Number of protein chains: 2
Amino acid sequence: MNAKKDNTEDKILDAAQDVFIKKGMDGARMQEIADEAGINKALLHYYFRSKEKLFDAIFGRLIGLAFPRIGRVLQEDIPFVEKVEHVVDTYMDLLLKHPYLPAFIIKEMNRDRSLFFKLIEKYGFNLEFLFAIVQEAMDRNEIVRMKPEHLLVNVIGLCVFPFAVKPVISHVAFDDDKKATQAFYEERRVEIKRFVIRAIQA
Amino acid sequence: MNAKKDNTEDKILDAAQDVFIKKGMDGARMQEIADEAGINKALLHYYFRSKEKLFDAIFGRLIGLAFPRIGRVLQEDIPFVEKVEHVVDTYMDLLLKHPYLPAFIIKEMNRDRSLFFKLIEKYGFNLEFLFAIVQEAMDRNEIVRMKPEHLLVNVIGLCVFPFAVKPVISHVAFDDDKKATQAFYEERRVEIKRFVIRAIQA
DNA sequence: AAAAAGTTTAACCAAATGGTTAAAATATCT
DNA sequence: AGATATTTTAACCATTTGGTTAAACTTTTT
């Protein structure tokens, strides 16, 4: 029935995602998105009335990707350290698959906070629940005492930061050698776990 | 002699910095910069021939700020752990004073890598020297063994990341409470030190 | 004081850009 | 097949935007 429609809409979404990720909302051009999708500008506006609406669709999509559910893992009845390992794995899997996400989200969240806030509200991560789990682990003397906010930011930061600054790392540390850079990013999975566990183990 | 000239040029640079930081190269408008500087567009082009040239001036300025010299500290004859503390202090001082730097630089380095690379070349940080110091500390069994690249990225990331994603942290964790947010960022100085030292101490 | 150099302004311009329109082509329904 | 709804296109439009021009005003030099 609407095989063609879906097809065109998907082509548009894919093209828009590519362009928006590369250029950001401000740098992206509707013409470029149309070209990349193999259609013309009017058709673009037929499917998505405005650049803003199209961008919102893409941004929503990517935000959905970027905030994985870590609730499940944390509820399991396993040592806290294993939970941390699991969270790191979840994030590293995601980031190795979508290395452009951090820079894109940082860029756009600073451009239009209200849109960003509106989008993440849907994924309402329950911080209290998360912090309670950290608290329990501290009370059980599994890990050293520290504010859960800092632990969370540290773990996420250790995973995400290197992707946000990939150009510097790749250029300065590995002379733009793709293989070496890739190896570094894959190493980080185990490296981060070791680092965090040493830092928090009681 | 040229007090007025310097004055206008400075006004332009300050205004341009504000606008570029808030909107980025793509989002910034020459008219807005002119307005913010209290002059008109033609005068802007009289001082800086093009938007690109003006942006380059600002970007260069900010890159200069963002890559502090940490060589001095590392050369001192103090325990490695103290060197790390010193580096963290240096970065946190900088970031608390210029919290917008990380997001801005991440945005622009991803927009135009070649410009970014050209600019950082001037500050040619000597990675080999830096890594050698880490290696020595490991050989002296002051710290656990790990690739210096990871240690460097970890320490910088722990400092920089929270500033790059300040909108999320402020909104999600502190409900946009400015005081609480500020307190969190100030706490991180000691928090990061404790975290890193526990992670690397032999 | 007159010339020269530097500074500032208002008006203007061409190109780019997001968006519209109306008609043609294609698919769907009866 | 014919009417109807959907999809696609080319041509067009208004606005925004970076940048220019030519003239006026100030400051410095001689």
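Just so it is clear: chains get the letters A, B, ... in the order the sequence lines come, proteins before strands, and each one is counted from 1. Fair warning: this is a prediction, and the values are worked out from it, not measured in the lab. What's counted below: heavy atoms across the whole structure, side chains too, no hydrogens, waters or symmetry copies.
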- request: Go through the structure and list residues passing side chain to side chain contact (heavy atoms under 4.5 Å, CB included) with Asp175(B), not counting sequence neighbours.
  value: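 Testing Asp175(B) for side chain to side chain contact (heavy atoms under 4.5 Å, CB included), a comparison that skips the adjacent residues, returns none.
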message: Going by side chain to side chain contact (heavy atoms under 4.5 Å, CB included), name the residues that satisfy it together with Ser170(A), two or more places apart in sequence or in a different chain.
response: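 Ser170(A) satisfies side chain to side chain contact (heavy atoms under 4.5 Å, CB included) with Asp176(A), Thr181(A) once adjacent residues are dropped.
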What nucleotide, of [options], holds the atom closest to the side chain of [X]?
X	options	answer
Lys51(A)	dG19(C), dG19(D), dT8(C)	dG19(C)
His45(B)	dA10(C), dT9(D), dG18(D)	dG18(D)
Ser50(A)	dG19(C), dA10(C), dT8(D)	dG19(C)
Asn40(A)	dG18(C), dT9(C), dT9(D)	dT9(D)
Tyr46(B)	dT7(C), dG19(C), dT6(D)	dT7(C)

Whole Å only: how far is the [atom1] atom of [X] from the [atom2] atom of [N]?
X	N	atom1	atom2	result
Leu44(A)	dT17(C)	CG	P	14 Å
Arg49(A)	dT7(D)	CZ	C1'	17 Å
Leu43(A)	dT6(D)	CG	P	15 Å
Gln31(A)	dG18(C)	CD	C1'	11 Å

message: Tell me if the aromatic rings of Tyr185(A) and Phe163(A) count as close, with their centers under 6.0 Å from one another.
response: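 Ring centres of Phe163(A) and Tyr185(A) closer than 6.0 Å.
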- request: Under the salt bridge (charged side-chain N to carboxylate O under 4.0 Å, His left out) rule, collect the residues that match up with Arg145(A), sequence neighbours excluded.
  value: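 Salt bridge (charged side-chain N to carboxylate O under 4.0 Å, His left out) check on Arg145(A) returns Asp139(A).
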- prompt: Got a sec, which residues hit salt bridge (charged side-chain N to carboxylate O under 4.0 Å, His left out) with Lys83(B), two or more places apart in sequence or on another chain?
  reply: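 So Lys83(B) forms no salt bridge (charged side-chain N to carboxylate O under 4.0 Å, His left out) with any residue.
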- prompt: Which part of the nucleic acid does Ala34(A) contact within heavy-atom distance under 4.0 Å: base, sugar-phosphate only, or nothing?
  reply: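 Contact class for Ala34(A): none.
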field: Residues in ring-ring contact (aromatic ring centres under 6.0 Å, His included) contact with His45(B), at least two apart in sequence or another chain
entry: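 Here no residue qualifies.
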- request: Please list, chain by chain and in numerical order, all residues satisfying ring-ring contact (aromatic ring centres under 6.0 Å, His included) with Phe117(B), sequence neighbours excluded.
  value: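 Phe117(B) satisfies ring-ring contact (aromatic ring centres under 6.0 Å, His included) with His171(A) only.
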message: For DNA chain C, which residues of residues 52-60 of chain A approach it to below 4.0 angstrom with any heavy atom?
response: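 Within residues 52-60 of chain A, no residue comes under 4.0 Å of DNA chain C.
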query: Which pairs, with at least one residue in residues 99-115 of chain B and sequence neighbours excluded, count as a side-chain hydrogen bond (donor to acceptor under 3.5 Å, both in side chains)?
result: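 Output for this query lists His98(B)-Tyr100(B), Glu108(B)-Arg111(B), Asp112(B)-Ser114(B).
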- request: Between protein and nucleotides 11-16 of chain C, map the contacts as a letter string: B base, S sugar-phosphate only, - none, heavy atoms under 4.0 Å, written 5' to 3'.
  value: ------
message: Check the phosphate of dT8(C) against Tyr47(B), side-chain N and O only, distance under 4.0 Å to OP1 or OP2. Yes or no?
response: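 True: Tyr47(B) side-chain N/O within range (under 4.0 Å) of dT8(C) OP1/OP2.
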- request: Give a yes or no answer on whether the side chain of Lys51(A) reaches the backbone of Ala28(A) with a donor-acceptor pair at less than 3.5 Å.
  value: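 Pair found, side chain donor or acceptor close to backbone of Ala28(A).
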